[in-house]
Amino acid sequence: MIIAIDGPAGAGKGTIAKGIARHYNLAHLETGLLYRALAFKVFENKLNLDDRDQIAALASTISLDDLKNKHLRSEEIGNLASKVASLSEVRQALLDFQRNFADTPLSDFNGAILDGRDIGTLVCPQADIKFYITAELEVRAQRRLKELQDRGIKSIYTAVIQNMMDRDLRDESRQQAPLKIANDAYVIDTSNLSPDDALKQAITVIEQHLKTQIR
Ligand code: C5P
């Protein structure tokens, strides 16, 4: 079973993906971390966005181990990630990584679940089930603010919401694999849902899908 989950930052797709992965024993890849890991390397190597060949070369070196880096979840790295994510060479290099993950899940798992921005539309268009997880901007910004504060990072709401709007705009308007709802995706708006209720909704959809497969 391959499940694709897309949506903007702070919508709750990561939490839902983790819950589904646990419930169905699926290998989970949070694809945003690939772009974040690359952004971290770009920053470390003091490259700028015009160094496209060097950035593309770095993209092809990203491994699962790079995703364990504790510094990847900062706002700065998230911003830089959305900038490197607009480079076509980068998307091509990371596409192979993601498809390989989806096509060859480790034998202990029943399949794979990938979450990101273009999973249902481009990375795994043949996914068995696709979700698009969304929530109102203000709700997403509040969640992100809380997450940052919980990690001891001082932040202010107006900066967080502005950052989110910039990133949404960049992700939705880029030429390469923009964030959009796949035609066959189930949309879940988590604005008024608890994480548990959002997960339950997603599992109900999967169960219905599995029933139709058995018939
Ligand atoms: O999901 P997360 O916020 O960690 O992603 C960081 C950035 O990586 C996003 O803003 C987006 O620009 C990029 N990204 C992408 N395609 C994906 C996953 C993330 O372009 N599949």
Side-chain angles (χ1 to χ4, degrees), residues 2-18 21 27-43 49 52 55-56 58-59 62 64 66-102 112-125 127 130-135 137 139-148 151 153 155 160-182 185 190:
I2 295 183
I3 299 184
I5 304 200
D6 292 301
K13 60 185 185 306
T15 309
I16 294 179
K18 272 193 206 97
H28 174 210
L29 181 63
E30 186 183 341
T31 63
L33 285 180
L34 297 170
Y35 294 90
R36 286 174 181 265
L38 176 61
F40 187 82
K41 289 186 187 226
V42 166
F43 171 74
L49 290 175
R52 294 175 77 121
I55 297 177
L58 277 180
I62 300 285
L64 285 176
D66 290 318
L67 312 189
K68 295 178 188 153
N69 178 343
K70 285 195 206 98
H71 303 291
L72 301 186
R73 297 201 183 263
S74 72
E75 288 291 273
E76 292 75 13
I77 292 296
N79 259 332
L80 186 54
S82 87
K83 289 179 187 161
V84 298
S86 62
L87 303 176
S88 51
E89 299 90 332
V90 163
R91 301 208 73 85
Q92 189 54 46
L94 294 182
L95 185 60
D96 297 341
F97 184 105
Q98 295 167 88
R99 285 197 175 148
N100 193 35
F101 184 95
I113 179 163
L114 287 79
D115 73 77
R117 302 290 189 287
D118 59 343
I119 308 302
T121 50
L122 191 88
V123 177
C124 302
K130 300 177 186 176
F131 290 102
Y132 187 88
I133 311 294
T134 187
L137 174 68
V139 175
R140 295 190 285 119
Q142 286 291 359
R143 286 179 189 157
R144 179 51 52 93
L145 180 69
K146 182 168 183 316
E147 188 189 316
L148 291 168
R151 283 195 278 130
I153 303 168
S155 318
V160 172
I161 198 166
Q162 184 60 52
N163 216 356
M164 207 159 237
M165 284 192 297
D166 293 347
R167 202 136 72 86
D168 283 355
L169 183 67
R170 218 177 287 130
D171 290 346
E172 287 164 1
S173 61
R174 68 177 173 227
Q175 286 200 332
Q176 303 288 326
L179 170 65
K180 61 177 184 212
I181 308 177
T190 67

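Counting starts at 1 for both ligands and their atoms, following the listed order.
- Judged purely by atom type and a 3.5 angstrom limit, R36 uses its side chain to pair as donor or acceptor with the backbone of L72.
- Considering only heavy atoms from C-beta on, I16 comes within 4.5 Å of T190 through its side chain.
- The protein heavy-atom contact nearest to atom 18 (C) of ligand 1 is T31 OG1, 3.4 Å.
- Taking a cut-off of under 4.0 Å to the non-hydrogen atoms of D171, the atoms of ligand 1 that pass are 9 (C), 10 (O), 11 (C), 12 (O).
- Looking only at heavy atoms of the protein, atom 3 (O) of ligand 1 is closest to R167 NH1, 2.9 Å.
- Between E30 and the choices R117, K68, R73, the salt bridge (Lys or Arg N to Asp or Glu O under 4.0 Å) rule is met once, by R73.
- In terms of protein heavy-atom proximity, atom 4 (O) of ligand 1 is closest to R36 NE, 2.6 Å.
- The protein heavy atom nearest to atom 14 (N) of ligand 1 is Y35 CD1, 3.6 Å.
- For atom 2 (P) of ligand 1, the choice among Q176, E172, Q98, R117 with the nearest heavy atom turns out to be R117.
- Just one residue in the list K180, Q176, R91 forms a side-chain hydrogen bond (donor to acceptor under 3.5 Å, both in side chains) with D118, and that residue is R91.
- Of all the heavy atoms of M164, none lies under 4.0 Å from any atom of ligand 1, so neither backbone nor side chain is involved.
- At a 3.5 angstrom cut-off on N or O pairs, R174 counts as close to ligand 1.
- A distance-only check finds no donor-acceptor pair linking the side chain of D115 to the backbone of G14 [under 3.5 Å].
- Not a single heavy atom of K83 sits closer than 4.0 Å to an atom of ligand 1.
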Intermediate values then yes/no, salt bridge (charged side-chain N to carboxylate O under 4.0 Å, His left out), E147 and R151: CA-CA 6 Å; E147 188 189 316; R151 283 195 278 130; 3.7 Å; yes
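- Compare A4, G32, S82 by their heavy atoms: the one nearest to atom 5 (O) of ligand 1 is in G32.
- Residue contacts with ligand 1 for A85 involve side-chain atoms from C-beta outward but no N, CA, C or O (heavy atoms, distance under 4.0 Å).
- Side chain to side chain, E75 and N79 fail the donor-acceptor criterion of an N or O pair below 3.5 Å.
- Between the side chains of T15 and R143, no donor-acceptor pair of N or O atoms lies under 3.5 Å.
- When the heavy-atom distances from atom 21 (N) of ligand 1 to D166, V123, D118 are ranked, the shortest goes to D118.
- Within the structure, the closest approach of R91 to ligand 1 falls below 4.0 Å when heavy atoms are considered.
- Side chains of S82 and R170: a donor-acceptor N/O pair is present below 3.5 angstrom, by distance only.
- Looking at R170 against ligand 1, nothing comes within 4.0 Å, counting heavy atoms.
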